[in-house]
Amino acid sequence: MKRLILLPLLLAAMSHASAQRQMERLDRGVIAIPENNGGNFISWRMLGTDDPAIGFNVYRANAGKKAALKKLNTTPITNVTSFHDDKAENSAAYTYVVKPVIRGKEVNEPNSFERKANAAAYLSIPLKTPLGYTPNDASVGDLDGDGSYEIILHQTGRAKDNSQAGITDPPIFQAYKLDGTLLWTINLGKNIREGAHYTQFMVYDLDGDGRAEIAMKTADGTIDGKGKVIGDSTKDYRNDKGYILAGPEFMTIFDGLTGAELATTNYIPARHPSSINPTTDELKAVWGDGYGNRMDRFLACIAYLDGKQPSLVMTRGYYTRSVLSAWNWRNGKLTPVWTFDSDEPGDKNRAYRGQGNHNLTAADVDGDGKDEIVFGAMVVDDNGKGLYSTGLGHGDALHVSDLDPSRPGLEIFDIQERFDDAGAHFRDARTGEILWKKPSMKAGEDGEGPGRGLALDVDPRYPGYECWVAGAGITGMFDAKGNKIADRTPACNMGIFWDGDVLSEILNGTNIDKWDYQNSRTQPLLDAAKFNCVRNNGTKANPVLSADILGDWREEVIYRTADNNELRIFSTTIPTDKKFYTLMHDPQYRLSIAWQNVAYNQPPHTGFHLGEGMQAPPKPSIIINPTKSKK
């Protein structure tokens, strides 16, 4: 019997090991941040392709072209990817250089960081924010092929939820280098409505050429980064309530370096299968309402559907009909891969109707080396076929990782925005088996059920991730088996790896806090509001982005300033004794950063258990993309 059980797992592991995913080439991401007690904290990346035994030497030079480099460590640093330079003075400007040591030999790589005199506790990126706009969600990608990330920023003006009438401003996107250089601006135009559920932007190297592309839904009047107009700029399809229920809909791939349109095609699915100007009754028959709420709920992600090259997945709908459409961008051509439609004739997909969340995850849930799309309470297989549907319905929060390391594979913690016996549930990611669930209770006449749920490893006394929910009568914190372990909980928003251990910290608004599990309270680690930073997205209280974009394996957090003229990147200066490769070379985590901007932002998760009692992270099965020269 044991052999019968182990054989499928062994075959899945072999399949997973055989697939090598194309991943972006990264430099060492060297960063130096002044510490409160003096000196500088320097950290850098270990790559997923590095030998874990790799060492590093750290050099410092005073600012100036002819300044000599001084080696700061006596023997190669092999146990961590950080260094405390206690001799540095904040009033001086320095250049730090980090050189790998491989099999006893130092390697010259272009890995340096210029730390300015009297530097602040963050990196500053000056912005050219359009009048009346506010920096909102961002993503990162290597747009110029130099191994360093650029920031792609969504600038929002007047915005509306799908349930709210009113005219919005055109969504605007900008690309910035980390030194503040503005690379391009894309204006989606008046025929794309602004709001959290309308415009999802994917940033990824889709064709493996060493530079990232941008993918977005576009329309008549979109202006690319070179000033070219897509479609007919004279058209205005907004109705008297500000909704856009007619006119052509496109999907465009933009060049990441220039913002130029590379390819445009019709968006799949269309609002209506046979009419470009459908009536409200026709729309209601397809989506459940005719005024533009349910039909204009868009999500997007990147997934390795073949286990090797990334594909783009764009979606529409989740309250009723749900459609997911996969695309490949290869050799300058945009081609469809598959389309999954919950309302496909014949009712074979009917169980998948109404199961989507305000977010989604791409993850290899069945261990075959290829990604599935975790679409709320359902999962679509890598081949575009339904893998399973729990039937539990729509929710706001979703977490996928090895949440319970005592079980094989990945697990999912999901909440349902309704009042029933499964206000929150914990399931096997591969089969959909419900492992435990918690009922939600209605406190009054109003309300929709749980609005937030979080799964993080914050308590080392219990194996795996702890889970908790905001509202709807689901009180307390639960361990990975569903047992209640605490009455009080921290904020139910996002998480971040910030201090030196492998437990997650709490990221909420402009605050990073440590959960004191013994006393059920939080201890502050960072309050970015003290640095004139503010949060985004109202009660969702998100930063611009949280991701491992610089330094060691821990994550950075990006906020906008109150005057909207600057982004500030915060990176930890807390020592650690852990040495992991950059989280951006874990495929599931990297894909999590691509979809973090989608609708209701969720924290990224790794494809392996990262927490108390963890094993060493598995070496990622990746192949690094070539470098593409700038044009």
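Keep in mind that the numbers below use all heavy atoms, side chains included, and drop hydrogens, waters and symmetry copies.
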Enquirer: Spell out, as yes or no, whether a donor-acceptor pair under 3.5 Å connects the side chain of Asn542 to the backbone of Lys540.
Expert: yes

Enquirer: Suppose we screen for side chain to side chain contact (heavy atoms under 4.5 Å, CB included). Which residues come up paired with Asn625, at least two apart in sequence or across chains?
Expert: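 Partners of Asn625 under the side chain to side chain contact (heavy atoms under 4.5 Å, CB included) test: Gln22, Asp205.
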
Enquirer: Regarding Asn597 and Asp137, do their side chains bring together a donor and an acceptor under 3.5 Å, going by distance alone?
Expert: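 Result is no, nothing qualifies.
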
Enquirer: Could you check whether Lys177 pairs with Asp146 (Lys NZ or Arg NE/NH1/NH2 to Asp/Glu carboxylate O, under 4.0 Å)?
Expert: yes

Enquirer: Could you walk me through whether Asp501 and Lys578 pass the salt bridge (charged side-chain N to carboxylate O under 4.0 Å, His left out) test, one step at a time?
Expert: CA-CA 7 Å; Asp501 61 30; Lys578 304 295 188 293; over 6 Å; no

Enquirer: Can you tell me if CD on Glu89 sees more than 12 non-hydrogen neighbours from other groups inside 6.0 Å?
Expert: no

Enquirer: Would you please say whether a donor-acceptor pair under 3.5 Å links the side chains of Thr95 and Glu114?
Expert: yes

Enquirer: Within the structure provided, determine whether Ile102 and Ile54 are in side-chain contact (heavy-atom separation under 4.5 Å).
Expert: yes

Enquirer: Sort out for me which residue in Ser124, Pro126, Pro135, Cys533 forms a side chain to side chain contact (heavy atoms under 4.5 Å, CB included) with Glu566.
Expert: Ser124

Enquirer: Does atom CG of Asn118 have more than 12 heavy-atom neighbours, drawn from other residues, nucleotides or ligands, at distances under 6.0 Å?
Expert: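 Yes - once you tally the heavy atoms of other residues, nucleotides and ligands closer than 6.0 Å, there are more than 12.
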
Enquirer: Can you check whether Asp586 reaches Pro620 side chain to side chain, under 4.5 Å on heavy atoms?
Expert: no

Enquirer: Taking the six-membered ring for Trp, are Tyr559 and Phe570 parallel (under 30°), tilted (30 to 60°) or perpendicular (over 60°)?
Expert: perpendicular

Enquirer: Measure from the side-chain N and O atoms of Tyr176 to the backbone N and O of Lys128, and report whether any donor-acceptor pair falls under 3.5 Å.
Expert: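 Such a contact is found between Tyr176 side chain and Lys128 backbone.
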
Enquirer: Salt bridge or not for Lys579 and Asp50, using N-O below 4.0 Å?
Expert: no

Enquirer: Between Arg554 and Asp552, is the closest basic N to carboxylate O distance under 4.0 Å?
Expert: yes

Enquirer: Is the ring centre of Tyr465 less than 6.0 Å from the ring centre of Phe413?
Expert: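 That pair fails the under 6.0 Å test.
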
Enquirer: Could you check whether Asp85 pairs with Lys70 (Lys NZ or Arg NE/NH1/NH2 to Asp/Glu carboxylate O, under 4.0 Å)?
Expert: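 A salt bridge is absent here (no side-chain N lies under 4.0 Å from a carboxylate O).
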
Enquirer: Within a radius of less than 6.0 Å around CG of Asp179, do more than 12 heavy atoms belonging to other residues, nucleotides or ligands occur?
Expert: yes

Enquirer: Have Asn328 and Ser311 got a donor and an acceptor in their side chains that come within less than 3.5 Å?
Expert: yes

Enquirer: Under 3.5 Å, side chain of Gln602 to main-chain N/O of Leu398, donor-acceptor pair present?
Expert: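 Flag set: sc Gln602 to bb Leu398 pair under 3.5 Å.
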
Enquirer: So that I can tick it off, tell me whether Asp459 and Arg461 are bridged by a salt bridge, with the cut-off set at under 4.0 angstrom between side-chain N and carboxylate O.
Expert: yes

Enquirer: With a 6.0 Å cut-off on ring centres, are His154 and Phe173 close enough?
Expert: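 Ring centroids of His154 and Phe173 are less than 6.0 Å from each other.
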
Enquirer: Give a yes-or-no answer on whether the side chains of Asn108 and Lys99 include a donor-acceptor pair shorter than 3.5 Å.
Expert: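 Note: Asn108 and Lys99 side chains meet the donor-acceptor criterion.
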
Enquirer: Would you check if the side chain of Thr361 reaches a backbone N or O of Val400 as a donor-acceptor pair within less than 3.5 Å?
Expert: no

Enquirer: Does Arg45 reach the main-chain N or O of Leu26 with its side chain, forming a donor-acceptor pair under 3.5 Å?
Expert: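 A pair under 3.5 Å: no.
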
Enquirer: Would you call the rings of Phe497 and Trp553 parallel, tilted or perpendicular if under 30° counts as parallel and over 60° as perpendicular?
Expert: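 Phe497 and Trp553: tilted rings.
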
Enquirer: Examine distances only and state if a side-chain atom of Ser112 and a backbone atom of Val97 form a donor-acceptor pair shorter than 3.5 Å.
Expert: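 Answer holds: no.
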
Enquirer: We want to know whether Asn79 and Asp577 form a side-chain donor-acceptor pair, criterion being a heavy-atom distance below 3.5 angstrom.
Expert: no

